[in-house]
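Let me begin by presenting the structure, written as C-alpha cells, before commenting on it.
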There are 2 protein chains.
Amino acid sequence: MLSKRTKYAINALVYLAREGSDGEPVQISRVAESEHIPRKFLEAILLELKHAGMLNSRKGKTGGYYLQKTPEEINIADVMRLFDGPIALLPCVAYKYYERCEECKDEETCGIRSVFSDVRSQTVQMLKNATLFEIIQRSEKLKKETKKKVSKK
Amino acid sequence: MLSKRTKYAINALVYLAREGSDGEPVQISRVAESEHIPRKFLEAILLELKHAGMLNSRKGKTGGYYLQKTPEEINIADVMRLFDGPIALLPCVAYKYYERCEECKDEETCGIRSVFSDVRSQTVQMLKNATLFEIIQRSEKLKKETKKKVSKK
DNA sequence: ATAAAATCCTACTAATTCGATAGGAATTAT
DNA sequence: ATAATTCCTATCGAATTAGTAGGATTTTAT
C-alpha cells in the first residue's frame, strides 16, 4: 500500500496543478486545509517534492508552492519512487533500486523472478502514463458521467 | 516490496511442489536448509500456510509438510494477501480489504482512484495466473534457454 | 527599518510493523 | 519409553511511519 506521504504528495500535486495554473504560488496552509493534510507534515512533503524538481517555491510574505514542470511531465511513478522507494515487488527486478535476492540460487532461471519482472513492467508502464494531466482528465470525465446518471433519474 | 515472510513462503511452496510431488511430507529443516530460511521463522510461516488451507502436515517422527492443493491451484496473489494484506495500492480500490480513503472528497469521481483501480486489476490478474505450476514451468523454460546459450559458446 | 508572514531545516517522539528467537506442549513412529 | 517432529505462545530488538516542535531564514508590505 502507498504510504500516507505518497498519498498526500499526489493529492497536493493534483491540487497545485488545478489551483496554481496561473503560475501564482499557493500557500502550504491552503493546500493543507483543502486536502485535509496535517500542516507540518505537508510542509516536509512539499519540500521534498521541491528538491526532486517537481515543485518550486517563493519564500516570504506572498510565498507558496507551484509546479516546476507541466502536469503532463509529472507522473505517479516518480512520486512513488521518491517517497516509497522501488515500485518492483522484489529487489532483483527493480530498476533504479536493484539488489540481488540473498537467498536466490540462480537469478537467470528463477521462475518467481520472471513473474515479478512482468508485474513490474506492467505496473511501471501504467504509473508512468498516470500524469497529473491524465488524473485530472479522468476525474473530469467521471464527473460528466455522474451528471448524466443523476439527470436521468 | 514483498515482506520476507511472503518471499520465504513462495520459495517454500515452490520447493514443496517440486520435492513433495510423491505426496510424502518434507521436514521443515530440509526446506529451511535448502532455501536458506531461518528454521524457526519458517516454522511459523508453514503453519500459517497450513491454516490457510494451502499446506497440510503430518506430526511426529516421520512428519513434515506437503501441498494440500495442486500446484495449479496455489497462486501468488493468495500468498501475498495472506502475509502482506491487500495487493491494491490504495485501500479504496482493494477488494477483500476495502476501506474508504479518509481524506477523499468524492470516491466516484476521483481520478487518482481511477488510476490505482486499473493498476490493481492488472496486477491481481497477473498474480492469480502465477501459480506454482506456472512458476516451475517458467523456470524450466529459462533453464533450457540458458543451456542453448552456453552450448553455442 | 521593522514587523509580519511565508518557506526551510533539524531534531525528536510515539506507535506500529518486521524479522527473528526461545521454550516447551502435543503428537507419532519405532 | 524415547526420539523426532509439528504446534503454539510469548517475547525482543531494530526499523519504519506519521507526525510534532521550534526556530532559522527569506521576502514583502508598511
Interatomic distance where [atom1] belongs to [X] and [atom2] belongs to [N] [whole Å]:
X     : N      : atom1 : atom2 : answer
A:I37 : D:dA18 : CD1   : P     : 13 Å
B:L46 : C:dA20 : CG    : P     : 14 Å
A:I45 : C:dT7  : CD1   : P     : 14 Å
B:L42 : C:dT21 : CG    : P     : 12 Å
A:F83 : D:dG19 : CZ    : P     : 14 Å
B:E48 : D:dT6  : CD    : C1'   : 16 Å
B:N11 : C:dG19 : CG    : P     : 14 Å
A:F41 : C:dC12 : CZ    : P     : 19 Å

Need one value for [X]: base, sugar-phosphate or nothing, where a base atom within 4.0 Å counts as base even if backbone is also close, heavy atoms only.
X     : answer
A:R39 : base
A:E43 : base
A:I28 : sugar-phosphate
A:Y8  : sugar-phosphate

Could you tell me which residues satisfy side-chain contact (heavy atoms from CB on, under 4.5 Å) with B:S29, sequence neighbours excluded, listed by chain and number?
B:Q27, B:R39
Of the candidate nucleotides [options], which contains the atom at the shortest distance from the side chain of [X]?
X     : options                : value
A:R5  : C:dA20, D:dA18, C:dA29 : D:dA18
B:P38 : C:dA29, D:dT5, C:dA20  : C:dA20
A:Q27 : C:dA6, C:dG24, C:dG19  : C:dA6

[X], [atom1]: over 12 other non-hydrogen atoms inside 6.0 angstrom:
X      : atom1 : answer
B:Y97  : OH    : yes
A:E99  : CD    : no
B:E107 : CD    : yes
B:E108 : CD    : no

Once base and sugar-phosphate atoms are separated, protein heavy atoms under 4.0 Å mark nucleotides 9-16 of chain D, 5' to 3', with B, S and - as --------
Sidechain N-carboxylate O distance under 4.0 Å for A:K40, A:E43:
yes
Could you list by number each residue of residues 50-61 of chain A showing a heavy-atom separation from DNA chain D of less than 4.0 Å, or answer none if no residue does?
A:K59, A:G60, A:K61
Please determine whether salt bridge (Lys or Arg N to Asp or Glu O under 4.0 Å) holds for the pair A:E102 and B:K7, giving the CA-CA distance in whole Å, both sets of side-chain angles, and the decisive distance to 0.1 Å.
CA-CA 11 Å; A:E102 315 158 28; B:K7 255 208 271 185; 6.0 Å; no
For B:T109 and A:L142, which heavy atoms make the closest approach, and how far apart are they?
CA-CB, 3.8 Å
Which pair of heavy atoms, one from B:S139 and one from A:G111, lies closest together, and at what distance?
CB-N, 3.7 Å
Among A:I87, A:I76, A:D78, which residue satisfies the side chain to side chain contact (heavy atoms under 4.5 Å, CB included) criterion with A:K128?
A:D78
Quick one: does B:K40 reach the base of C:dG19 with a side-chain donor-acceptor pair under 3.5 Å?
no
